[in-house]
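Numbers restart at 1 for each chain; the letters A, B, ... are given by sequence-line order, proteins then strands.
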Amino acid sequence: MRKKVIFKGVALPYLLLLPQLIITGIFFFWPAGQAIYGSFLREDAFGLSREFVGFENFADILADPNYLNAVSNTVIFSSAVAFSALGVALFLAVQADKAIRGADFYKTMLIWPYAIAPAIAAVLWLFLFHPQIGLFGRFLNGIGIPWDYKLNGGQAMLMVIIAAAWKQVSYNFIFFLAGLQSIPRSVLEAAAIDGARPARRFWTVIFPLLAPTSFFLLVVNLVYAFFDTFGTIHALTRGGPGQSTTTLIYKVYVDGVENLNFGASAAQSVILMALVIALTAIQFRFIERKVHY
Amino acid sequence: MRMLMRDTTMEDIALARATARRQARSRWIAHALLALGVLIFAFPIWITVVGSTHDVSTIGRGEVPLWFGGEGVANYVSAWLRGGSSLRTTGAVPAWLMLWNSLNMAVLIAVGKIAISLLSAYAVVFFAFPGRMVCFWLIFITLMLPVEVRIIPTFEVMVNLGLINSMAGLVVPLVASATATLLFRQFFLTIPDEYVEAAKIDGAGPLRFFKDVVLPLSVTNIAALFVILFIYGWNQYLWPLLIVSDKDLETVVVGMTKMIGTGDQQNEWNIIMATAVLAMLPPVLVVILMQRWFVKGLTETEK
Amino acid sequence: MATLSLSGIRKSFGQTEVLHGIELDVADGEMIVVVGASGCGKSTLLRIVAGLETPTSGTVRIDGRDVTKLEPADRDIAMVFQNYALYPHMSVFENMAYGLRIRGLPMVEIRKRVAEAAEMLEIGPLLERKPRQLSGGQRQRVAMGRAIVREPKLFLFDEPLSNLDAKLRVQMRAEIRRLQKRLGVTSLFVTHDQVEAMTLGDRLVVMHKGRAAQVASPMEVWGVPADTYVAGFIGSPAMNFLSATLVQGGGGAQLKAGPALPFADGPRPGEDGTKLVIGIRPEHVQHLPDGAGALPLAVDLVEPLGSETVIHGRLPGEEVLVARLPLAAGAIGEVLPVGLPPASWHVFSAEGARLPARATAPA
C-alpha cells in the first residue's frame, strides 16, 4: 500500500530519516556486523591478539555440553512460559467476555501486571517462595516438602517459569479479549440457533476464529521467553543452581560479560540473531496472510 | 402451509426455568473465576505492600504478615532518602535518585523514539525518493534484532564511543527501533490522500502539512505509544546493568534487585519491599490512568 | 475570472494510457461538467487541471498562462473534494481560513472573507464547530466555503454531491448552480451522474475510455448525441438501440424487428444493405391502440411511476425495447402495439458514430 499523492523533493526526506538511520547504523548494523565478524575470531588468553578460526567457535559451542544444556533449558522454559501464559490468559479472557457486567473492572484489574518489569515480578515471587521469609516457601518446608530454589534446580526452574508467565498473562489477556470482542455477535448467534451449546460453541466457532490471534501471541510469547526474561532469571537465580536455569540469552551474558569469552559469545549472538530472524519471518508471513484474510 | 400447534406444557416451563438457572450459574462461575484470577495477580503485590510496612526483624523471622504494620512511614522515608542494601555492603543508593534516573531514562527513550519515528515514517510515507524502499527495509530489519541479542558487540561499540556510564549511553541506543516507525507508517497510510491534496491546493508545503495536519491527527497515537514506550524504558534491565556501574546513574529496577544480597538473613527486606513498591508504582499508574490509550497502543503496534 | 484551455492532454500510468488527448476550451464564467462512467479518466483530467497530476503531454492554460508545470498552490484554483477533505482537528473557521493564512493574508481580511462566505452558505453559526459535529450537507457547505474564500480563478468540483442522500443532493445541486452563477467563477465539475450533469452544466464533456466523446450543451448532447455511447449514457431510461440495414438508396432503414421506414430528415450515405443502429428514446415510443403500422411488443415487465409507466418488452426478432408511456398501459404477458416514429430516430453506423442526413441536392 502506498499513497498516490506525495510531496516532491529528495533532500528533505533524507534529512527526516537521518536521525533514525544514524542510530540504526551505529547501534544495530555495526554491532551486528561485529558479532558476525567476531564469531569467526578467537582471542588469546591475554586478549592481546585475535586470529581467524573459521567456524571453530560455532563447532565448539555446539559440542559444549553447557551450551546444549542451555538449549534444553530454553526449550523447557520457553514452552512452559508460553503455554501457561497463553492458557491462563485465554481462560480468563473467555470468562471476562462472558461476564458482560463488570468486564471493564476485571480488565483493569488484570492488565496492570503488564507494567511490572520482569525483574520486579521475579522479586515479588521471591518474596512468596523464599525458603526463609516467603509465605509459600515456609509453608512447603513446614509440611515436610524440602523447598529451596537456590539448591534445587527443578524448583528454580519452576520459580522462573511462574514469575515469567505471571507477568505475561496480562499481555495475552488484552489480545485475547480484544479478539473475542471482535468476533461478530451474529456468528455466535447463528451457532446458538444451530443448537450448539456453550462449550461446543467455544471449540467449534470461537477457538478457530481466535487462531490467528493465538498464533501471533505464541510467537510474541516465545520471543519474550527467549529474551525479555533475562531480568527474571538474573534477579531470581542467576542461572543457577549449577546451570539449571541458564537459558541461551543468559549464557550469552555470562560468557561475554563474566567469562569475557569474546568469540564464543559472538557466535552465540549470531545464532540467536538467526533464531529471531526466523521467528520474525514466520510472524511476518502470518501478518501478510492476515492482511489478505 | 400446515402448522402443528400445541399448548405450552409443564416440560416447556421446566425447561425455561432450567435454562435461566444454567445461565445464572454460568455467570456466577465466570465472576468467581475472574475474582480468583484477580486475586492471583494481586496477591504477590499485597504481600509486598504489606511487608513494606513492617520492621525488618518481623520479616526476617519469617512471620509473613498479611496485614499492615506500623513501620510504613519509617520504611518509605528511609528507602527514599537512604536506600536499602544488604547490610554488608556500603553505598546504598537512595530510592529518589534511582527513581529520578528511571524517570529520565523512560521519558527520554519514549520521547526520542516517538520523535525520530514520526520523522522517518513521514519521510517514507509522504515522499517518493530514490532509495525509499531501501531505507524502509533498513529500519524494518531492526525489528528483528532486540538489544539482548547483540548485547556484547553493542557494548563494545559503546565503549569505543565513550558512552559507558552516561545517560546518553543508556538512552540513545534504545531510541531507534522499527516498532514505532511501523506504527506511524501504518497510521499515516490511513490519512486520506484528499488531505494532502487539499493542503497542496491550500499552498501548504511538506513541513507545514506535517505541523498543521499530520501532527495534530497523530495525537492519540502518540499518547498510546508514549505509554507503551514509557513502560518499555522504565523496565529496561540488561542494558542498564551492562552500561551503568556508576551509582549515581543506577535505575530503580536494576538497583532494587541489587539490594538483595546472597546472604539472605542480612537483607533489609522491609526496605527492599518498599523500594519494589516504589519501582512498580509509576508504570502501573501510567497503565491504569491511561488504560484506554495503552490498550489501543498495544493492540495497534502489534498489528 | 478566467478562461481555461486544455490542449492535447495525455496521461499514462505505466503502460496504460488513461487520457488520449483531450482538447477543451472553457469560457470565462462557464460551468463545464465532465461526466462519464467510473474509469473513463474524468477524475484524472480534473487532477491534471488542479496540478495534482502531471500530464504525460499537453498543456494546461489558465487565463492564457501555461500552468502545466506549476504546483497546485501556484495555479490560483480551489477544489471541492468528494469526501470534502475537511481537516478533522480544525474548526470550520480554521478549515476555511487555512489556505488564506498560508498565503499570509491579514487576519482582518481573512475574517471578512470567511464571514461573507459563511453568510452566503448559511453556515455562520457553525464556524466554531469541528467537522465531525456537522451533518453531511453542512460539511458540503464548508467545503464549498473553503473554496469560495480563496476567490480563485477556477473552481474544481470532484463529485462533491456523491456522498449526500438523494434529497439533499437535489437541493445542493441547485445551490451550487445558483452560487456559481452569482460568483461567476469559471468551474469544472466532475460527476458520474447524468442528471447532475444535465442540470448543472453550461456545457458537458462526455468522457468515454479516456476520450471526450462529445463536448456540447446539455440539450445538444441529449438531442444530437455524437455516438451510441453518449446516446446511451444520457437519458433515463436509456435509449433503445435496434439493428437495421440501409435500404431505399439510403432513404430509409429496414428494422430487424419489422418494417422498412423512410428517414424523416433525409437520406444517409452508403450502399443499401449497410448495417445501421437505430436509436430511439423510450419516451418517443408511441402506443398505437388502433394498430395501424404498429409493432407487437410482448410486455415482460411493467414499472408504474405514477404519471407514466415504463414498459419493458420484446419486439419480433427478440430485440429488447423499453417504452415510457404517459398512461397506465400494458400488463405483463400482454402484446402492446407500439410505433417507432422515424422523426425521433437517431441513426448511427454499426460502429456507433452518428450518421447525419446527407444534404440532398434540390431535385
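- Between chain A and the residues V175(B), I29(B), L242(B), L241(B), the largest count of heavy-atom pairs under 4.5 Å involves L241(B).
- Counting heavy-atom pairs closer than 4.5 Å to chain A, the top-ranked of the candidates L118(B), L36(B), V157(B), I288(B) is V157(B).
- Using a 4.5 Å cut-off on side-chain heavy atoms (C-beta onward), F127(B) and L16(A) make contact.
- Considering only heavy atoms from C-beta on, V10(A) comes within 4.5 Å of P130(B) through its side chain.
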Checking Y237(B) against D228(A) for the side chain to side chain contact (heavy atoms under 4.5 Å, CB included) test, could you report, in this order, the C-alpha distance in whole Å, the side-chain angles of both residues, the deciding distance, and whether it holds?
CA-CA 9 Å; Y237(B) 189 82; D228(A) 293 347; over 6 Å; no

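- For the pair W30(A) and T154(B), the minimum side-chain heavy-atom distance is 4.5 Å or more.
- The nearest pair of heavy atoms linking A276(B) to F127(A) is CB-CE1, 4.4 Å.
- Taking every heavy atom of both residues into account, L92(A) and G37(B) meet most closely at CD2-CA, 4.1 Å.
- Of all the listed residues (W234(B), F129(B), F41(B)), the one sharing the greatest number of non-hydrogen pairs under 4.5 Å with chain A is F41(B).
- The part of F209(B) that comes within reach of chain A is its side chain, from C-beta onward, which places non-hydrogen atoms under 4.5 angstrom from that chain.
- The number of heavy-atom neighbours closer than 6.0 Å to OH of Y37(A), taken from other residues, nucleotides and ligands shown, is 12 or below.
- With a threshold of 4.5 angstrom between heavy atoms, A235(A) approaches chain B through its backbone and through its side chain.
- Proximity to chain B (any heavy atom under 4.5 Å) is shown, for Y114(A), by both the backbone and the side chain.
- Q34(A) and P153(B) get closest at one heavy-atom pair: CB-CB, 4.0 Å.
- In this structure, chain A has heavy atoms under 4.5 Å from both the backbone and the side chain of M273(B).
- Neither the backbone nor the side chain of A32(B) comes within contact range of chain A, judged by heavy atoms closer than 4.5 Å.
- Only the side chain of V123(A) comes within less than 4.5 Å of a heavy atom in chain B; its backbone stays farther off.
- When heavy atoms are compared at a cutoff of 4.5 Å, T108(A) approaches chain B by way of both its backbone and its side chain.
- Residue contact with chain B, scored on non-hydrogen atoms closer than 4.5 Å, is absent for L18(A).
- In terms of heavy-atom pairs under 4.5 angstrom with chain A, the leader among L238(B), I47(B), I231(B) is L238(B).
- For F226(A), no part lies under 4.5 angstrom from a heavy atom of chain B.
- Side-chain contact between P283(B) and I116(A): absent, with no pair of heavy atoms (C-beta onward) separated by less than 4.5 Å.
- With a 4.5 angstrom heavy-atom cutoff, W125(A) touches chain B only via side-chain atoms.
- Of the residues listed (V124(B), I116(B), L119(B)), the one engaging L17(A) in a side chain to side chain contact (heavy atoms under 4.5 Å, CB included) is V124(B), and it is the only one.
- Between F7(A) and Y122(B), the two ring planes are tilted [angle within 30° to 60°].
- The side chain to side chain donor-acceptor pair (under 3.5 Å) contacts involving residues 8-22 of chain A comprise K8(A)-E71(C), Q20(A)-S120(B), Q20(A)-T181(B), where partners must be two or more places apart or lie in separate chains.
- By the 4.5 Å heavy-atom criterion applied to side chains, L128(A) and F43(B) are counted as neighbours.
- Here the straight-line distance linking atom CD1 of I45(B) with atom CD1 of I120(A) works out to 9.5 Å at 0.5 Å rounding.
- Checked by atom type and distance alone, the side chain of N235(B) pairs as donor or acceptor with a backbone atom of A115(A) at under 3.5 Å.
- A distance of 9.5 Å separates CE of M109(A) from CG of L39(B), quoted to the nearest 0.5 Å.
- The two residues V287(B) and W112(A) make their nearest non-hydrogen contact at CG1-CA, 4.1 Å.
- Both the backbone and the side chain of L135(A) have a heavy atom closer than 4.5 Å to some heavy atom of chain B.
- At a threshold of 4.5 Å between non-hydrogen side-chain atoms, the residues L124(A) and W46(B) do not count as touching.
- Applying the side-chain hydrogen bond (donor to acceptor under 3.5 Å, both in side chains) test to T19(B) and every residue at least two apart in sequence or in another chain returns nothing.
- Only the side chain of F136(A) comes within contact range of chain B, judged by heavy atoms closer than 4.5 Å.
- Of the listed residues (V252(B), I139(B), L207(B), L285(B)), the one with the most heavy-atom contacts under 4.5 Å to chain A is I139(B).
- Atom CG in L12(A) sits 13.0 Å away from atom CZ in F126(B) (nearest 0.5 Å).
- Put simply, of V254(B), V286(B), V38(B), the one with the most heavy-atom pairs under 4.5 Å next to chain A is V38(B).
- With a threshold of 4.5 angstrom between heavy atoms, L126(A) approaches chain B through side-chain atoms but not through N, CA, C or O.
- Counting heavy atoms from C-beta on, the side chains of I23(A) and V172(B) come closer than 4.5 Å.
- Rounded to the nearest 0.5 angstrom, F27(A) CZ and L163(B) CG are separated by 5.5 Å.
- Using a 4.5 Å heavy-atom threshold, the side chains of Q291(B) and K107(A) count as touching.
- Between P173(B) and F28(A), the shortest heavy-atom distance links the atoms O-CE1, 4.2 Å.
- Heavy-atom distances place the side chain of L161(B), and not its backbone, under 4.5 Å from chain A.
- Interface summary for chain B: among A121(A), A35(A), P19(A), the most heavy-atom pairs under 4.5 angstrom belong to A35(A).
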